[in-house]
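Proteins come first, then strands; the chains are lettered A, B, ... in the order of their sequence lines, and each starts at number 1.
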2 protein chains.
Amino acid sequence: MAQDKNLTIQDIAQKAGVSIKTVSRVFNNSPNVRQQKRDLVLGVAKELGYRPNISARQLASKRSFVLIHFYDNPNMDYLAGIYDGMREACSEQGYYAVAERLKLKNRSYKDALLDYLTRNPVDGVILSPPISDDKAVIREIEKRDIPCALISPGVKKRNCINVFIDEKMAGQKMAEFLIDRGHTKLAFISGLDSHSASAQREAGFWAAVEAHGLKRKDMMRIGGDFSMQSGFTAFNALAKSNKNITGVFAANDEMAIGTIIAALRAGKKVPEEMSVVGFDDSAFARAMWPPITSLAQPIEDMAKFSAQKIIDWIDTKDREQSHYEFATEIMVRGSCP
Amino acid sequence: MAQDKNLTIQDIAQKAGVSIKTVSRVFNNSPNVRQQKRDLVLGVAKELGYRPNISARQLASKRSFVLIHFYDNPNMDYLAGIYDGMREACSEQGYYAVAERLKLKNRSYKDALLDYLTRNPVDGVILSPPISDDKAVIREIEKRDIPCALISPGVKKRNCINVFIDEKMAGQKMAEFLIDRGHTKLAFISGLDSHSASAQREAGFWAAVEAHGLKRKDMMRIGGDFSMQSGFTAFNALAKSNKNITGVFAANDEMAIGTIIAALRAGKKVPEEMSVVGFDDSAFARAMWPPITSLAQPIEDMAKFSAQKIIDWIDTKDREQSHYEFATEIMVRGSCP
DNA sequence: ACGAAGAATGACAACGTTGTCAAATAACTT
DNA sequence: AAGTTATTTGACAACGTTGTCATTCTTCGT
C-alpha cells in the first residue's frame, strides 16, 4: 500500500470491477452500497494506496471540507491544543482544519464573521470561549445550517454539539486540593467576567469552602482578567490585607504565575509560605520554577472529539447527541506539592 | 463591488466581451495580454466582485496554492508571527498558508518530509530555524524544484530566498546597550548549538566586549538551551562564581525570564542589582514583571515578505534576488531600563 | 410464481478552471 | 507591399470528483 502516483477513482473502479460512482459512494459513506462491494472497493483502494483528490471533490460537491475554529482567546497553548486535536480528526477524514480570530471587542465582529463566511465557505464550525457563548455568532451559524460545536460553553445549546468539562466540579477539586493540604485561609483570583468558566470555577471554590466548614471571612476574592499582570496586582491586594492567606487558587495559570513572581519579589517563598494553584496546565506552568500545580483539561481530545462529531454530523446529516463531558486531572507540581 | 453570488469566469468574460481564456490569463498574470484588455477585465471583475474558485484552479492547473512553513522551534510567539505574516501575503494572492512541524530529533524526519510532500503537494516552502539550516531538507526541496525561502539561515543558500537580520550586529547592539549603561562585568547565556543564530549573537557580544576594551576575564559565558529552565541554572552558575556580574545578555527571552525568576528567588533585585536583556521580544517578555528589555526582529514582516517573494517566484518562474536583510530594534523595558 | 416496491448500480453530464494548439492580429523586414 | 515573425486571442478538451436519473437487481407480499 501507500504507493505514489496520482491514482483516480477510475483506477480503483477498474481494478475492482465496479463503476466509478460506486467507488465514489463508498468513499462518501453513502448508503445503498452492498457491504460486500464496500469491502471490495476499500480493499482495492487500500492496496493501491488511493487518496481522493480534494479539489475535485470540492468542485463537484460544492462542499469546502473546511472545519473552522473561531476564537478570541489568544492563549497560544490553548489554541495549539485545539488546533492539533482538530487536525488529527480532520486529516483522517480528508478535511482541512482552519483557525480564525474573531475579535469580540470590535463592534464590527459580526460583519467580519459574515464576511468570512461568504468569502470562505466552511462545512463546520467549532467555537471556543468566549465565542462559544456569543449568541449572535451562534445564531448566524445556525441560520446557515452549518454544523457547530461549542467547547466549554457557559450555557449549552440544543442545536449544537456541546463539549465541556465540569468547571464547577473542577474548581471545587482545586479548592479541596488546597484544603486537604491544611490551608484554611484561601484566596480565589477570578478571570474575565465574559468567560463564564471563571464564575463556575469560583462557584466550585465556594462550594468547597462550604463543604469543609471553613469561614467565609477567612477567604478572599480578587477580581482578575486572566493576565499575568492581574496576578501581580492580585498578590499586592493579598499582601495588603491582613488575612494571612496561605492558599491561592488562580482561575488560570498566567495569573498564578503573576502571583508567584510578585510573591518572590516581596520575599515570600512559594510554596513554603504560600501555595498557589492554577488552571489550564499551560506550557509555562510546567516551565516555571517552581512549576505550578494546575488543573489539566484534555483540550486536545476535546477538540478532536468535536471535530469528529461535526464530521459525522455533516456526513449523516444528523447528530446522535449533543452533550459530552470530559474528565479533568490535577497536575501536582512544586507550587503546591 | 464585493457582491455575493458565485460568479464564474464565464460571467466576467461575457460582460467584458472577451473569451474565458483571456480572463483566466489576466488572473494568472500570464504574459501576452494587451494592457488595455487586462485593465478592462480587471475593472469588470472588481465591479462584479468576482473571486476565482480555488478548487477549480487546483484541479485544472495541478497547482496546490499552498505555501507551507516547516518548523521545529515550538516557540508559539514566533510561530504565530510567521503564520500571520504568511497569511497576510497569501490571502492577498489566493494562496493558503499552512504550518507543519518537522521534528529533527526524530531519526525519520526526512521520511516524514517526503511523505508529507507526496501526500500534500505544496507550491512553496518557508523554513525557519533550525530547519533553515538543515541541508537534507533543503536538498529534498530543491530536488523537487519547489521555491523555497529561508528565514534566518546560518549559511545563506544561493538557490533559496534568504531573509534574515544581522544576528551578529544585533548581539553587539544588545551587549553595547548593557555597556552603555555602565556595566563592565557581563554574562552571555547561549542557546542551543543547533541554532546558528545563538553563535552569531555571541560573536556580536564578544565583538562589543572587544570594541569597548573590557576585560575578557570579567566576562562569563554560560551554555543554555533556550529553555526557561536553563535560565535558572545559568543564574545559579552566575551566583556561584565571584565575578560579580551585573549585566546579563540571554540569547532569548525565555532564558532571560528564567534568570530573572532565579534571581528573585535568591533575593537579588532586577534591575537594581542586576540588569537582564533578552532576545526575541516575546509576549511573555512584555508581560513579565519587570518587563524585559529585548531585541525585536520584525518576524511578521519577514514572513510576509518571504511569502510574497515565493509567490512572485512561482508566478514568474524566476526570482530577482536572494538576499534580504531586515532591521532590528531594541525594546527598552524595566529589566534594563 | 407474479408484480410491486425498494435497494443497488451505472452512464453521463455537470463543477469552474487551465493547458494545448490553432487562428487571428499586430509588428517588423526587406 | 508582400512576406515573416511575434504577439494576442479563443475553441475545446482536459482535470477527478459528485449529482441526477434511468436501469437493473432484490426482496417481499399475495
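Out of C:dT17, C:dA8, D:dT17, the shortest distance to the side chain of B:Arg57 is found at C:dT17. The side chain of A:Ala60 sits closest to D:dT17 out of D:dC15, C:dT20, D:dT17. Here the nucleotide nearest the side chain of A:Ser61, chosen from D:dG19, C:dG16, D:dT17, is D:dG19. The B:Lys21 side chain lies nearest to D:dA11 when the options are C:dT17, D:dA11, D:dT9. Checking D:dG10, D:dT9, C:dT17 against the side-chain heavy atoms of B:Val18 singles out D:dG10 as nearest. For B:Ile20, the side-chain atoms get nearest to C:dT18 when compared with the rest of C:dG16, D:dG16, C:dT18. For B:Leu59, the listed nucleotide lying nearest its side chain is D:dC15; candidates were C:dG19, D:dC15, C:dG10.
The 12-atom threshold is exceeded at CD of A:Gln321, counting heavy atoms of other residues, nucleotides or ligands nearer than 6.0 Å.
In terms of polar N and O atoms assigned as donor or acceptor, the side chain of A:Arg25 comes within less than 3.5 Å of the base of C:dG10 in a complementary pairing.
Protein atom CG of A:Asn53 is 12 Å distant from nucleotide atom P of D:dC15, rounded to whole Å. Atom CD of B:Gln14 is separated from atom P of C:dG16 by 14 Å (rounded to the nearest Å). Taking atom CZ on B:Phe65 and atom C1' on C:dT17, their separation rounds to 9 Å, with Å as the unit.
No hydrogens or angles considered: nothing links the side chains of A:Tyr109 and A:Asp72 as a donor-acceptor pair under 3.5 Å.
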